[in-house]
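Here's the structure, in structure tokens; my notes come after.
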Amino acid sequence: MRWPAVRPAPLTAVTRRRGPLVYSCRMQERYDAAAVERAAQDHWEQQGSFTAHERAGAPKYYCLSMFPYPSGRLHMGHVRNYTIGDVLARFMRMQGYNVLQPMGWDAFGLPAENAAIANGVPPAVWTRENIPYMRRQLRSLGLAIDWTRELATCDPSYYRWNQWMFLRMRERGIAYKRTGVVNWDPVDRTVLANEQVIDGRGWRTGALVEKRDIPMYYLRITAYAEELLAALQELSGWPERVRVMQANWIGRSEGVELTFPYAQDTRALLDAAGTAADAGAQGEGVKVFTTRADTLFGVTFVALSAEHPLAQAAAAGNLALAAFIDECRRGSTMEADVATAEKRGMATGVHVLHPFTGEPVPIWVANYVLMAYGEGAVMGVPAHDERDFEFARKYGLPVRTVVTSASGAYERVCEPWQGEYAEHGILVDSGKFTGLASGAAIEAIAAALTRLGIGSKRVQWRLRDWGISRQRYWGCPIPLIHCERCGEVAVPDEQLPVVLPEHLVPDGSGNPLARHAPFVECRCPSCGGAARRETDTMDTFVDSSWYFLRYASPDLHSAPVDARVNYWLPVDQYIGGIEHAILHLLYSRFWTRAMRDLGLVQLSEPFANLFTQGMVLNHIYCRKLPDGRRQYVNPADVEPQYDAQHARIGGVSLIDGQPVEYHSLGTMSKSKNNGVDPQALVEQYGADTARLFVMFAAPPEQSLEWSDDGVNGQFKFLRRLWRAVYEHVSAGASAGDGAVAGGLTPASDPTALSAAARELRHAAHQTLAKVTGDIGRRRTFNTAIAAVQELLNTIGRYQENDATARAVRQEALEIAVLALSPIAPHICHTLWHELGHATAIIDERWPQPDPQALSQSEVELVVQVNGKLRGRVRLPAGAERQLALDAALADPTVQRFVAGKTLRKAIHVPDKLVNLVV
RNA sequence: GCGAAAGUGGCGGAAUGGUAGACGCGCUGGCCUUAGGAGCCAGUGGGGCAACCCGUGUGGGUUCGACUCCCACCUUUCGCACCA
């Protein structure tokens, strides 16, 4: 189904008048979303409603949604993300908080370069055209954003502070340069961080990643590993799974590092190969890391990674080994599923010595040993490690049991492998350590190794330092200069920023900066001689690692941040996608700490509360073209078909009438042609309907399934709400009392109301209490909306129409409008005025439910017999237990189930339920 | 393999140990109407004429009472994955 054609122009009160009654009311009968939204947005803009100021004494609320990449158009994920933030910002503002909700642009990055390659337009031009377009789209959603703080990471006024902070970190050794094996993306022709490699492929291109040796800059995030891990415990406002993901990523393990001394044959090999330099890196033996030092006497081989220097040395005179190593290296990147790859290896023919027994231990090269983790070498204990067991079995290596189960589950390791073999136990056949429990043995063996000077306890991290150099054009230049005489020299602070020339057009081959002489050629700040400017730029994750701090002082020219940062930070609520659970959030936590250590901020944790919203899904339809390719058909153009189990099986294209296949439910994407354009949605239904639907269709943390009919349902609800207010206001106008803003007058006595009126008041105030909890505490916006819809249904059933009844209805409508206003702010802005208020609803305080309205004189109790519902009784509120039991037993249905049986027990939950156990 | 989350009508979902299916979509019947993809009213988990019975992935358990808590299993999704 297509979006409905533009609706007919709204009928004016004059053309639709049915009598003098309507005439006297200026309110339009028909809900015209476009006009309503224009008026509300104009008001907010003219009043500067969302411009935030530091106000001493007022409780502040910093509400932040992850800033968008200016790709050109908003997508539905943005709408969901920013609506969640906006609802909270508006709600907290009405609660009396001093709210800051800023917005900016994560503007550097590869898509701009790709667009440049495709269109021959500089990335800067493309980006700077996209930003105002998307800003207009964001404004059309009616977000309560302080646009005076807007920033774009591609502006020199922003990225100069990247450069400045980089230089400060370099002075402190937090940033350092080294040559290392890096992940090279052959498609984007750039280095990727570890975090950006997923299943051996580039996170963006999906291209198979190669290993290359490149000099680049790293940030010493590992120096903060301990702190980053420990502080996760305190982040109670973060989802558990994000904390777990980060903890796993940081990956702390305690163990022992030890050196197996070279045997004579290894020494001879290294001498003969003349690779003393390589050998030097290895000292006098092979260093390994183990968490199971207690199994040291079970070592029957040592396995090296293919990239290990000793493996390289051994391969020098061994063609078969060289071939195997080559294959491993290729295999490790070619096979996506390395975990299930068969364990393979080859003996080097040389040996190390067991540190305690002096026995020779063969050295193997194995494909399951990672150079990147630990020392790139492991001790092989087939009896107590599943991988080593598999490896030893395959190559006929001995299995030596050195730990037995404390519970007697096994005495000797034998086929097949069992999980118990890897558990802690009691040591056997382990020299003087025999008889110790594993835990004690690890301590004792570590101590013995330390005495011998060949080992010690240490902590191993999975986390590695963050390589930030990128051989890309559209990024923040790294502020360094290479001088023949002086070496690498920092650009002096007074020469910052190093401005990126914005007119270059990348052609897809390398970095155009490197070929741009006016940028590259410069003077050495130290000696004044001719020098070359660094052309690497920073990983764009640097840009996004501190933008949330800059919002506190976006206009500052003398420093990245000032004291205002201490007022606004930490972010009280951060909202974004789960896909940033590791990269962005970990880098931001690190960068904030680095800034703290540079004396720039006082805080360590930037985000007190984190909310991860779910994905926006839609159905995917496709058909196979004659050439075998898949053609995806937009679900809006498909009439779906279902099988007997109501499962989608396919459909018919509304465009050509031909059948299409059903693929699956999936995230909205261009490639699957299943996206819905937010702009079209806003144009056809209005921002309020769009906001309402994305908040209503699913709890915000879960994935949301798109539904055109669901959108229409929310539009219908807004129209019914509009109509209810219209009819109420019209009735008041004809009765001469107009809208009675505020509902009941002080003179009216709520206890004198009719039963129906009391019920409506009760429903209204209960709704208010529910919405307050649902938005403020539970963050279940879907149930908040449902509660308001229920209230509107209740208002619709209320028939009375005298002056008191109109006052009660007025109050109920006001509560409905107030409660809905954070979610559908425009229509509520207009309806609030129509209900007779001069103040804009955004400047109203969130009301407290009236306890008198919440209390009821009579309540319905549920009566259960043996836990099953058998009846209901009406009783005065607060009725005593005995009274409730008597009433319950008097119920005819209940009597049928109780008759002739002995009452064993009776449960009474006051004002709720009676359960009779017979 | 490890970790996390989730399994409820035709669909999205609600139920904060106490009436399972709120709210919305869809569907059925009726009304209204310048026939519009509008509005209004009624109905809508299954079975049964009814009284009632059955029903929240499966099997156990705790409880007066379990969608909810505990144990085991199945399925799905997501994350991590040869981490020594």
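What you see is a predicted model; the values in this text were computed from it and never measured. Each chain gets a letter, A, B and so on, in the order the sequences are listed, and its residues count up from 1.
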Do the side chain of Asp709(A) and the base of C25(B) come within less than 3.5 angstrom through a donor-acceptor pair of N or O atoms? no
Quick one: is the NZ or CZ of Arg462(A) closer than 6.0 Å to the six-membered ring centre of Trp249(A), and within 45° of its axis? yes
Taking any heavy-atom pair under 4.0 Å as a contact, classify Asn915(A): base, sugar-phosphate, or nothing. base
Look at Arg872(A) and U19(B) and indicate whether a side-chain polar atom (N or O) is within less than 4.0 Å of OP1 or OP2. no
Which part of the nucleic acid, if any, lies within contact of Val244(A), taking any heavy atom under 4.0 Å across all strands shown: a base, the sugar-phosphate backbone alone, or nothing? sugar-phosphate
Does G3(B) pair with anything, Watson-Crick or G-U wobble, both distances under 3.5 Å, and if so, with which nucleotide? C78(B)
Which of the following nucleotides, C80(B), C78(B), G12(B), is nearest to the side chain of Arg241(A)? C78(B)
Regarding Gln460(A), tell me which of base, sugar-phosphate or nothing describes its non-hydrogen contacts under 4.0 Å with the strands shown. nothing
Counting only Watson-Crick or G-U wobble pairs whose two distances fall under 3.5 Å, which nucleotide matches C31(B)? G39(B)
Which one is paired to U44(B), where only Watson-Crick or G-U wobble pairs with both distances under 3.5 angstrom count? G26(B)
Integer angstrom distance from the C1' of G48(B) to that of G12(B): 31 Å
Tell me what Val381(A) touches on the nucleic acid: a base, only sugar-phosphate, or nothing, going by heavy atoms under 4.0 Å. nothing
When both hydrogen-bonding distances must be under 3.5 Å and the geometry is Watson-Crick or G-U wobble, what is U58(B) paired with, if anything? A72(B)
At 4.0 Å (heavy atoms only), tell me whether Arg648(A) reaches a base, stays on the sugar-phosphate, or touches nothing. nothing
Output the rounded distance in Å from NE2 (His908(A)) to P (G65(B)). 19 Å
Side-chain donor/acceptor of Asn674(A) to backbone N/O of Ser669(A), under 3.5 Å: yes
Using Watson-Crick or G-U wobble geometry with both distances below 3.5 Å, tell me the partner of G18(B), or none. C64(B)
Can you confirm whether Leu861(A) sits close enough to His908(A) that some side-chain heavy atom of one is under 4.5 Å from a side-chain heavy atom of the other? yes
Parallel, tilted or perpendicular: which one describes the rings of Trp364(A) and Phe301(A), with boundaries at 30° and 60°? perpendicular
Just call it for Thr893(A): base, sugar-phosphate, or nothing, with non-hydrogen atoms closer than 4.0 Å on any strand. sugar-phosphate
Need the glycosidic conformation of G61(B): syn if within 90° of 0, anti if not. Which one? anti
Within less than 4.0 Å of OP1 or OP2 of A84(B), is there a side-chain N or O belonging to Arg458(A)? no
Could you measure between the two C1' atoms, the one in G10(B) and the one in G46(B), and give it in whole Å? 13 Å
Considering every strand and a 4.0 Å limit on heavy-atom distances, what is the contact class for Glu705(A): base, sugar-phosphate, or nothing? sugar-phosphate
In whole Å, what separates the P atom of A66(B) from that of G17(B)? 15 Å
Selected nucleotide, minimal atom distance to Lys716(A) side chain, candidates C25(B), C82(B), G24(B): C25(B)
Among the nucleotides C52(B), U19(B), C83(B), whichever has the atom closest to the side chain of Arg896(A) is C52(B)
What contact category does Arg387(A) fall into here, base, sugar-phosphate, or nothing, at under 4.0 angstrom with non-hydrogen atoms? base
Over how many whole Å does the gap from Leu913(A) atom CG to A66(B) atom P extend? 12 Å
Exceeds 12 heavy-atom contacts within 6.0 angstrom, atom NZ of Lys394(A): yes
Heavy-atom closest pair (Val242(A) atom, Ala581(A) atom, distance to 0.1 Å) is CG1-O, 3.9 Å
Nearest-nucleotide pick for Ala698(A), side chain only, options being U19(B), G24(B), G13(B): G13(B)
Over all strands shown, is Asn866(A) touching base, sugar-phosphate only, or nothing at heavy-atom distances under 4.0 angstrom? nothing
Gly713(A) near the nucleic acid: base, sugar-phosphate alone, or nothing, with a heavy-atom cut-off under 4.0 Å? sugar-phosphate
Mate of C49(B) where both pairing distances stay under 3.5 Å, Watson-Crick or G-U: none
Check every strand shown and say whether Asp388(A) touches a base, only sugar-phosphate, or nothing at a heavy-atom separation below 4.0 Å. nothing
Should the pair Phe715(A) and Tyr31(A) be assigned to parallel (<30°), tilted (30 to 60°) or perpendicular (>60°) ring geometry? tilted
When the ring planes of Phe391(A) and Tyr395(A) are compared, do they come out parallel, tilted or perpendicular, using 30° and 60° as the limits? tilted
U16(B), A81(B), C82(B): which one has an atom nearest the side-chain heavy atoms of Asp774(A)? U16(B)
Side-chain donor/acceptor contact of Lys905(A) with base of C64(B) under 3.5 Å: no
C1' spacing across the pair U58(B) / C52(B), given as an integer number of angstrom: 27 Å
With respect to the side chain of Thr290(A), which nucleotide from C25(B), A84(B), C52(B) is positioned closest? A84(B)
